[in-house]
Amino acid sequence: MAMNNPYAKYQNNSVNTSTPGELTLMLYNGCLKFIQQAKKGLEENNIEEKNMAIQKAQAIISELMLTLDTSYPVAENMLILYEFANSRLIDGNIKNDSALFDEASAIIMEFRDTWKQVIQINRQKQYANVDEI
């Protein structure tokens, strides 16, 4: 039924045709979206919405943690930051404290912005190499 929806078809095609780097960027953006939804749920005193959104954000952070390539030393530092962001979400959810959500959001935003730059640099290099051919 969802595939009759043009937006759902677009989303499905977008995921299926994206590079691993673009998929990671989508995860970061999704995590940020769910943190914002949680903040909205908290503001509106909709605890169920807040909790569901935080659980989705945590699931994304867990996926990012699981897919880290720990053969690189930087991965250990990333893992620590992911764990910290996740703990901020847990504490914010328990304490109903949007400031803790903001702390997690700031960390994820830094990762997202850095990842976006990496993708842009790789594309520039890729297109530069195409021009040389």
Side-chain angles (χ1 to χ4, degrees):
M1 182 168 139
M3 292 312 287
N4 290 332
N5 177 342
Y7 183 70
K9 286 181 184 178
Y10 170 79
Q11 280 186 311
N12 190 42
N13 286 339
S14 179
V15 169
N16 289 334
T17 60
S18 295
T19 66
E22 291 166 335
L23 290 172
T24 301
L25 187 61
M26 287 179 196
L27 286 174
Y28 286 133
N29 285 329
C31 187
L32 291 168
K33 177 185 85 172
F34 291 129
I35 293 171
Q36 285 305 114
Q37 286 178 358
K39 286 179 65 175
K40 180 178 175 253
L42 184 58
E43 289 169 8
E44 296 173 353
N45 204 28
N46 185 337
I47 302 305
E48 184 178 352
E49 179 184 342
K50 175 206 65 156
N51 188 49
M52 291 293 290
I54 286 301
Q55 287 179 12
K56 290 177 182 180
Q58 287 179 279
I60 290 172
I61 291 174
S62 293
E63 183 65 25
L64 291 166
M65 290 168 66
L66 287 171
T67 57
L68 273 178
D69 184 350
T70 55
S71 66
Y72 295 98
V74 72
E76 290 299 320
N77 294 331
M78 291 176 71
L79 185 59
I80 290 167
L81 288 169
Y82 285 147
E83 288 173 344
F84 181 74
N86 196 42
S87 73
R88 298 288 78 191
L89 294 178
I90 292 169
D91 291 344
N93 198 14
I94 292 169
K95 297 175 182 176
N96 289 321
D97 186 346
S98 66
L100 297 174
F101 295 159
D102 290 338
E103 287 181 34
S105 184
I107 292 167
I108 300 302
M109 210 174 297
E110 282 290 324
F111 277 121
R112 192 257 334 253
D113 293 347
T114 301
W115 197 253
K116 194 184 296 186
Q117 288 177 340
V118 168
I119 290 172
Q120 289 171 343
I121 290 168
N122 282 338
R123 282 186 184 151
Q124 289 171 350
K125 286 181 181 177
Q126 182 181 16
Y127 291 125
N129 290 338
V130 169
D131 291 340
E132 294 172 5
I133 296 177

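Heavy atoms of other residues, nucleotides or ligands lying less than 6.0 angstrom from CD of E83 number more than 12. More than 12 heavy atoms of other residues, nucleotides or ligands sit less than 6.0 Å from atom CD of E44.
The backbone N or O of L25 sits nowhere less than 3.5 Å from a side-chain atom of K116 that would complete a donor-acceptor pair. When atom types are taken as modelled, the side chain of T67 and the backbone of E63 share a donor-acceptor pair closer than 3.5 angstrom. In this structure, S87 contributes its side chain and F84 its backbone to a donor-acceptor pair below 3.5 Å.
Two residues are said to be in side-chain contact when any heavy atoms from C-beta on lie closer than 4.5 Å; Q36 and K33 fail this criterion.
Both L32 and Y82 are part of a single hydrophobic cluster, where members link through side-chain heavy atoms under 4.5 Å apart. A chain of hydrophobic side-chain contacts below 4.5 Å, direct or via other Ile, Leu, Val, Met, Phe, Trp or Tyr residues, connects L79 to L27. Put simply, M78 and L89 are part of the same group of oily side chains (I, L, V, M, F, W, Y) that touch within less than 4.5 Å, one to the next. Connection of L81 to L68 is established within a shared hydrophobic cluster, with ILVMFWY side chains joined at heavy-atom distances below 4.5 Å, either directly or through further cluster members.
Looking at every heavy atom in both residues, A57 comes nearest to C31 through O-SG, 3.7 Å. Across Q37 and E49, no two heavy atoms sit closer than the pair O-OE2, 3.5 Å. Contact record, R88 with A104: CB-CB, 4.0 Å, taken as the closest heavy-atom pair. Nearest heavy-atom pair, G92 versus L100, reported as atom, atom and distance to 0.1 Å: N-CD1, 3.5 Å. The minimum heavy-atom distance linking I60 with G30 is given by the pair CD1-C, 3.7 Å.
Note: I35 CD1 to E103 CD = 11.5 Å, rounded to the nearest 0.5 Å. Between the CG atom in N29 and the CD atom in E22 there is a gap of 12.0 Å [rounded to 0.5 Å]. One finds the OG1 atom of T19 at 6.0 Å from the CD1 atom of I119 (value rounded to the nearest 0.5 Å). The CD1 atom of I61 lies 8.5 Å from the CD1 atom of I54; values are rounded to the nearest 0.5 Å. Summarising the geometry, atom NZ belonging to K95 is positioned 13.5 Å from atom CG belonging to L42; distances are rounded to the nearest 0.5 Å. Distance CD1/I90 to CD/Q55: 10.5 Å, rounded to 0.5 Å.
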(request) Take L23 and M26 through the side-chain contact (heavy atoms from CB on, under 4.5 Å) test and state the conclusion after the steps. (result) CA-CA 5 Å; L23 290 172; M26 287 179 196; 4.1 Å; yes
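Taking the six-membered ring where tryptophan is involved, the planes of F111 and Y28 are essentially parallel, since the angle between them stays under 30° and well short of 60°.
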